Amino acid sequence: QIQLVESGGGLVQPGGSLRLSCEASGRTFSTSAAGWFRQAPGKVREFVAAITWRGSSISYADSVKGRFTITRDNAGNTVYLQLNSLKPEDTAVYYCSADRTLSGVLSGKGSWGQGTQVTVSS
(Lines give C-alpha, C1' and ligand atoms only; values in the text may rest on other atoms or scores of the structure.)
Protein backbone atom coordinates (compact mmCIF):
# COMPACT_ATOMS: atom_id res chain seq x y z
CA GLN A 1 0.00 0.00 0.00
CA ILE A 2 1.28 3.45 -0.90
CA GLN A 3 0.54 6.43 1.35
CA LEU A 4 0.37 9.80 -0.40
CA VAL A 5 0.51 13.31 1.06
CA GLU A 6 -0.13 16.36 -1.10
CA SER A 7 1.07 19.88 -0.36
CA GLY A 8 1.63 23.21 -2.07
CA GLY A 9 -1.92 24.41 -2.59
CA GLY A 10 -3.07 27.91 -1.78
CA LEU A 11 -4.68 31.11 -2.98
CA VAL A 12 -3.28 32.62 -6.16
CA GLN A 13 -4.38 35.34 -8.56
CA PRO A 14 -5.39 34.55 -12.15
CA GLY A 15 -2.30 34.14 -14.28
CA GLY A 16 -0.24 33.03 -11.31
CA SER A 17 1.61 29.79 -10.62
CA LEU A 18 1.78 27.08 -7.98
CA ARG A 19 3.77 23.91 -7.54
CA LEU A 20 2.03 20.96 -5.95
CA SER A 21 3.96 18.12 -4.38
CA CYS A 22 2.89 14.58 -3.61
CA GLU A 23 5.20 12.70 -1.27
CA ALA A 24 4.81 8.95 -1.17
CA SER A 25 5.81 6.33 1.34
CA GLY A 26 6.25 2.72 0.34
CA ARG A 27 8.97 0.86 -1.46
CA THR A 28 6.92 0.33 -4.63
CA PHE A 29 6.36 4.00 -5.46
CA SER A 30 9.44 4.31 -7.65
CA THR A 31 7.99 1.66 -9.97
CA SER A 32 4.41 2.92 -9.83
CA ALA A 33 2.56 5.18 -12.20
CA ALA A 34 1.23 8.38 -10.65
CA GLY A 35 -1.28 11.04 -11.49
CA TRP A 36 -3.14 14.14 -10.43
CA PHE A 37 -6.90 14.63 -10.36
CA ARG A 38 -9.04 17.52 -9.18
CA GLN A 39 -12.54 18.07 -7.87
CA ALA A 40 -14.30 21.40 -7.92
CA PRO A 41 -17.32 22.12 -5.69
CA GLY A 42 -20.41 20.38 -7.02
CA LYS A 43 -18.49 18.56 -9.74
CA VAL A 44 -17.12 15.08 -10.18
CA ARG A 45 -13.44 14.34 -9.77
CA GLU A 46 -11.61 14.75 -13.08
CA PHE A 47 -8.29 13.66 -14.49
CA VAL A 48 -5.54 16.27 -14.77
CA ALA A 49 -2.23 14.55 -15.57
CA ALA A 50 -0.44 11.22 -15.26
CA ILE A 51 3.07 9.87 -15.62
CA THR A 52 4.55 6.38 -15.85
CA TRP A 53 7.19 5.28 -13.38
CA ARG A 54 10.04 5.98 -15.80
CA GLY A 55 8.47 9.20 -16.99
CA SER A 56 8.42 7.80 -20.51
CA SER A 57 4.71 8.42 -20.98
CA ILE A 58 2.86 11.51 -19.82
CA SER A 59 -0.78 12.43 -20.34
CA TYR A 60 -2.69 15.65 -19.74
CA ALA A 61 -6.31 16.68 -19.80
CA ASP A 62 -7.03 19.01 -22.71
CA SER A 63 -8.02 21.76 -20.28
CA VAL A 64 -4.51 21.96 -18.79
CA LYS A 65 -2.25 21.16 -21.75
CA GLY A 66 0.44 23.77 -22.19
CA ARG A 67 -0.16 25.18 -18.71
CA PHE A 68 0.47 22.31 -16.28
CA THR A 69 3.52 20.03 -16.10
CA ILE A 70 3.82 16.74 -14.23
CA THR A 71 7.23 15.47 -13.17
CA ARG A 72 8.55 12.97 -10.67
CA ASP A 73 11.61 12.35 -8.53
CA ASN A 74 11.76 8.64 -7.82
CA ALA A 75 14.77 8.98 -5.54
CA GLY A 76 12.76 11.42 -3.44
CA ASN A 77 9.48 9.48 -3.74
CA THR A 78 7.75 12.63 -4.95
CA VAL A 79 5.52 13.63 -7.84
CA TYR A 80 5.08 17.27 -8.75
CA LEU A 81 2.49 19.27 -10.64
CA GLN A 82 3.56 22.70 -11.85
CA LEU A 83 0.54 24.91 -12.45
CA ASN A 84 1.11 27.98 -14.64
CA SER A 85 -1.24 30.56 -16.16
CA LEU A 86 -3.88 29.64 -13.61
CA LYS A 87 -7.52 30.43 -14.27
CA PRO A 88 -10.46 30.72 -11.87
CA GLU A 89 -11.84 27.49 -13.34
CA ASP A 90 -8.74 25.67 -12.06
CA THR A 91 -10.05 26.16 -8.53
CA ALA A 92 -10.46 22.72 -6.97
CA VAL A 93 -9.08 20.24 -4.48
CA TYR A 94 -6.17 18.52 -6.19
CA TYR A 95 -5.54 14.85 -5.41
CA CYS A 96 -2.55 12.66 -6.08
CA SER A 97 -2.93 9.00 -7.03
CA ALA A 98 -0.53 6.13 -7.59
CA ASP A 99 -0.89 2.58 -8.83
CA ARG A 100 1.23 -0.21 -10.22
CA THR A 101 0.00 0.58 -13.73
CA LEU A 102 -0.94 3.72 -15.64
CA SER A 103 -4.32 2.21 -16.47
CA GLY A 104 -4.89 1.70 -12.77
CA VAL A 105 -4.23 5.39 -12.11
CA LEU A 106 -6.44 6.53 -14.98
CA SER A 107 -9.30 4.28 -13.87
CA GLY A 108 -9.17 5.63 -10.34
CA LYS A 109 -8.19 2.31 -8.78
CA GLY A 110 -4.96 3.51 -7.19
CA SER A 111 -4.08 4.87 -3.77
CA TRP A 112 -5.19 8.43 -3.00
CA GLY A 113 -3.92 11.30 -0.92
CA GLN A 114 -6.10 13.63 1.15
CA GLY A 115 -5.94 16.48 -1.35
CA THR A 116 -4.71 20.07 -1.36
CA GLN A 117 -6.89 23.11 -2.08
CA VAL A 118 -6.05 25.40 -5.00
CA THR A 119 -8.03 28.63 -5.22
CA VAL A 120 -7.58 31.00 -8.15
CA SER A 121 -9.18 34.35 -7.44
CA SER A 122 -8.45 38.05 -7.62
Side-chain angles (χ1 to χ4, degrees):
Q1 186 75 10
I2 298 173
Q3 281 75 48
L4 304 168
V5 178
E6 301 95 334
S7 62
L11 173 64
V12 63
Q13 292 186 343
S17 298
L18 283 174
R19 189 193 196 198
L20 307 184
S21 299
C22 172
E23 187 171 354
S25 60
R27 290 175 293 175
T28 60
F29 179 75
S30 62
T31 57
S32 297
W36 288 91
F37 292 73
R38 66 186 182 186
Q39 186 167 18
K43 295 188 177 181
V44 299
R45 189 174 298 187
E46 65 175 2
F47 167 74
V48 175
I51 185 169
T52 52
W53 73 273
R54 288 178 173 170
S56 57
S57 179
I58 294 175
S59 300
Y60 294 100
D62 288 343
S63 58
V64 306
K65 280 182 181 177
R67 300 189 299 122
F68 293 6
T69 303
I70 186 171
T71 57
R72 66 186 297 162
D73 173 11
N74 287 337
N77 274 4
T78 304
V79 176
Y80 302 96
L81 186 68
Q82 178 67 40
L83 290 66
N84 296 330
S85 302
L86 282 162
K87 306 174 182 179
E89 51 264 42
D90 294 319
T91 295
V93 177
Y94 282 71
Y95 297 90
C96 177
S97 180
D99 189 74
R100 187 175 58 85
T101 65
L102 184 60
S103 61
V105 171
L106 297 177
S107 66
K109 295 179 180 178
S111 301
W112 293 92
Q114 83 291 346
T116 185
Q117 176 71 46
V118 171
T119 302
V120 185
S121 175
S122 56

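Predicted, not measured: the structure shown is a model, and the values here were computed from it.
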Do Val48 and Val12 belong to the same hydrophobic cluster, where Ile, Leu, Val, Met, Phe, Trp and Tyr are linked whenever their side-chain heavy atoms lie under 4.5 Å apart, directly or via other members? yes
Sequence neighbours excluded - salt bridge (charged side-chain N to carboxylate O under 4.0 Å, His left out) pairs with any residue from residues 95-121: none
Got a sec, which residues hit side chain to side chain donor-acceptor pair (under 3.5 Å) with Ser122, two or more places apart in sequence or on another chain? none
Main-chain N/O of Gly76 paired with Thr78 side-chain donor or acceptor, under 3.5 Å: yes
Would you give the length of the straight line joining atom CD1 of Ile58 to atom OG1 of Thr52, rounded to the nearest 0.5 angstrom? 7.0 Å
Sorted by chain and number, sequence neighbours left out, side chain to side chain donor-acceptor pair (under 3.5 Å) with Thr31 holds for none
Check whether Glu6 reaches the backbone of Cys96 with its side chain - one donor and one acceptor, N or O, closer than 3.5 Å. yes
How long is the gap from CG on Leu4 to CZ on Phe29, to the nearest 0.5 Å? 7.0 Å
Please name all residues satisfying side chain to side chain donor-acceptor pair (under 3.5 Å) with Lys43, sequence neighbours left out, ordered by chain then number. none
Are Ile70 and Trp112 co-members of a hydrophobic cluster defined by side-chain heavy atoms under 4.5 Å apart? no
Restricting to non-hydrogen atoms, name the atom on Val79 and the atom on Arg72 that form the minimum distance, rounded to 0.1 Å. CG2-CB, 4.0 Å
CD1 of Ile2 to OG1 of Thr28: how many Å apart, nearest 0.5 Å? 3.5 Å
Show me the donor-acceptor pairs within less than 3.5 Å that the side chains of residues 17-26 make with the rest of the protein, sequence neighbours left out.
from: Ser17; atom 1: OG; to: Asn84; atom 2: OD1; distance (Å): 2.9
from: Ser25; atom 1: OG; to: Gln3; atom 2: OE1; distance (Å): 3.4

Which pair of heavy atoms, one from Ala33 and one from Val105, lies closest together, and at what distance? O-CG2, 3.6 Å
Not counting sequence neighbours, which residues clear ring-ring contact (aromatic ring centres under 6.0 Å, His included) with Phe47? List them please. Phe37
List the residues meeting side chain to side chain contact (heavy atoms under 4.5 Å, CB included) with Asp90, not counting sequence neighbours, and say none if there are none. Arg38, Arg67, Phe68, Leu86, Lys87, Tyr94, Val120
Heavy-atom closest contact (Leu102 atom, Ser57 atom, distance): CD2-OG, 4.3 Å
Does Thr119 have any side chain to side chain donor-acceptor pair (under 3.5 Å) partners at least two apart in sequence or in another chain, and if so, which? Gln117
Quick one: does Asn74's side chain have a donor or acceptor within less than 3.5 Å of a partner on Trp53's backbone? yes
Any residue meeting side chain to side chain contact (heavy atoms under 4.5 Å, CB included) with Gln13, in chain and number order, not counting sequence neighbours: none
Is a side-chain donor or acceptor of Tyr60 paired with a backbone partner of Gly66 at a separation under 3.5 angstrom? no
Applied to residues 69-91, the ring-ring contact (aromatic ring centres under 6.0 Å, His included) test, sequence neighbours excluded, yields none
